[in-house]
2 protein chains.
Amino acid sequence: MSEIEQQLAEFNIRPTAMRMLVYQFIEQQQKAVSLSVIEDYFDKADRTTLYRTIKTFEEKAVVHQIDDGTGVAKYALCEPGCGCDIGLDLHLHFHCTHCNDTTCLTDHKIPKIKVPAGYIAENINLVVKGICDLCNRT
Amino acid sequence: MSEIEQQLAEFNIRPTAMRMLVYQFIEQQQKAVSLSVIEDYFDKADRTTLYRTIKTFEEKAVVHQIDDGTGVAKYALCEPGCGCDIGLDLHLHFHCTHCNDTTCLTDHKIPKIKVPAGYIAENINLVVKGICDLCNRT
DNA sequence: ACCAAAATGCACTAGTGTTGCAGCGATAAT
DNA sequence: ATTATCGCTGCAACACTAGTGCATTTTGGT
């Protein structure tokens with residue numbers, strides 16, 4: 001039983017070949033990936049399969065969806081303390097307007113936000129836009 | 001010269017009938033509106049015209065685009081100190097997951113966010129999701 | 001009134017997200 | 001081992017949003 005197989009099993013996901021490959025691919029990336037990127041990489045596989053694979057991962061809190069304002073959903077692996085398993089996604093994301101990459105800043109937590117009386121805050125999405133480390137140096 | 005005509009003139013926008021109507025409509029809303037909502041309201045007008053009207057408003061910093069995570073762009077009037085005129089959009093937005101409405105919380109500013117060394121933060125998008133005042137009371 | 005420029009309307013394209021359905025393979029029950 | 005079942009996969013199709021090119025109309029300036 002491979003390592004990836006074990007990890008998927010922990011999330012109660014049946015470890016099919018496709019799922020293991022997709023998991024491995026997302027794991028290798030240092031950034032959040034969109035569905036189209038995954039499609040391009042696995043050009044043999046069907047769009048729908050990849051779509052549903054991601055949906056499954058999302059439901060089981062393997063990955064979380066990131067909306068960086070570009071209009072396309074991106075996904076990144078959840079990490080311990082990520083909060084995704086309890087429906088929260090309280091770390092912030094950085095979107096580089098130069099290379100268009102989006103990364104999780106897991107160790108930078110979102111500060112406490114006050115909302116007006118009568119409002120109930122359940123979740124927070126915070127995306128910082130700017131120039132990333134890599135683009136800044138070149 | 002009507003009041004709306006004057007306001008558009010201040011932004012260097014030629015006050016056509018269509019634009020004045022759209023401006024008036026957005027102004028009347030207490031929430032951010034999507035393009036489809038505007039289309040439904042002005043069912044006589046062409047989609048493209050409304051689309052380009054909004055684009056013009058956005059370029060001239062009359063309205064700002066809001067990405068609340070629903071996948072469709074919404075728009076709301078800019079206000080003094082909104083920051084849109086200098087490319088910043090530093091107030092936060094509230095998206096009600098119950099009624100799907102998104103509102104500007106203009107008087108609630110975004111706290112200072114720290115980013116890792118090497119990163120340059122240029123703009124911040126902060127959307128709080130939850131239950132709004134109105135939905136909470138009913 | 002006339003002309004140039006801008007605004008409008010129509011047609012069309014592209015991309016993303018989503019669903020229904022049929023086939024196939026793995027798994028479980030007999 | 002055979003069969004029944006369930007879930008995964010692939011194909012096709014649809015809905016919606018965003019965007020573009022071009023012809024036509026409207027607008028503002030002279």
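Note that the coordinates shown come from a computational prediction; the quantities given were computed from them, not determined experimentally.
Distance, A:Tyr75 OH to C:dT16 P: 12 Å, rounded to whole Å. Distance CG (B:Asp40) to P (D:dC16): 11 Å, rounded to an integer number of Å. Counting to the nearest Å, the P atom of C:dG17 and the CD1 atom of A:Ile38 are 10 Å from each other. Regarding A:Ile13, its CD1 atom lies at a distance of 17 Å from the C1' atom of D:dC6, rounded to whole Å. For the pair B:Asn12 CG and C:dA5 P, the interatomic distance rounds to 19 Å; values are reported in whole Å. Rounded to whole angstrom, the span from the CD1 atom of B:Ile54 across to the P atom of D:dG19 amounts to 12 Å. For A:Arg14 and C:dT27, the CZ to C1' distance is 7 Å, given to the nearest whole Å. Per the geometry, CE belonging to A:Met20 stands 13 Å off C1' belonging to D:dC8, to the nearest Å.
Here the two rings, on A:Phe57 and A:Tyr75, have centers that are 6.0 Å apart or farther. Between A:His93 and A:His108, the gap from one ring centroid to the other reaches at least 6.0 Å.
Within the 4.5 Å cutoff, no side-chain heavy atoms of B:Asn123 are placed close to those of B:Asn125. Proximity of A:His95 to A:Val128: side-chain heavy atoms (C-beta onward) are nowhere separated by under 4.5 Å.
Side-chain N/O atoms of B:Tyr51 include one lying less than 4.0 angstrom from OP1 or OP2 on D:dG19.
Other residues, nucleotides and ligands contribute over 12 non-hydrogen atoms within 6.0 Å of the CZ atom of A:Phe42. The number of heavy-atom neighbours closer than 6.0 Å to NZ of B:Lys114, taken from other residues, nucleotides and ligands shown, is 12 or below.
Judged purely by atom type and a 3.5 angstrom limit, B:Asn136 uses its side chain to pair as donor or acceptor with the backbone of A:Gly118.
With hydrogens and angles left out, the side chain of A:Arg47 and the base of C:dG15 share no donor-acceptor pair within 3.5 Å.
Among the protein residues, B:Ser36 comes within range of the sugar-phosphate backbone only, with heavy atoms under 4.0 Å from sugar or phosphate atoms but none that close to a base.
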Report, one pair per line, the protein and nucleotides 9-11 of chain D atoms (nitrogen or oxygen only) whose separation is under 3.5 Å.
from   : atom 1 : to      : atom 2 : distance (Å)
D:dT9  : OP1    : A:Thr16 : OG1    : 2.9
D:dG10 : OP2    : A:Thr49 : OG1    : 2.9
D:dG10 : O6     : A:Arg52 : NH2    : 2.7
D:dC11 : N4     : A:Thr48 : OG1    : 3.0

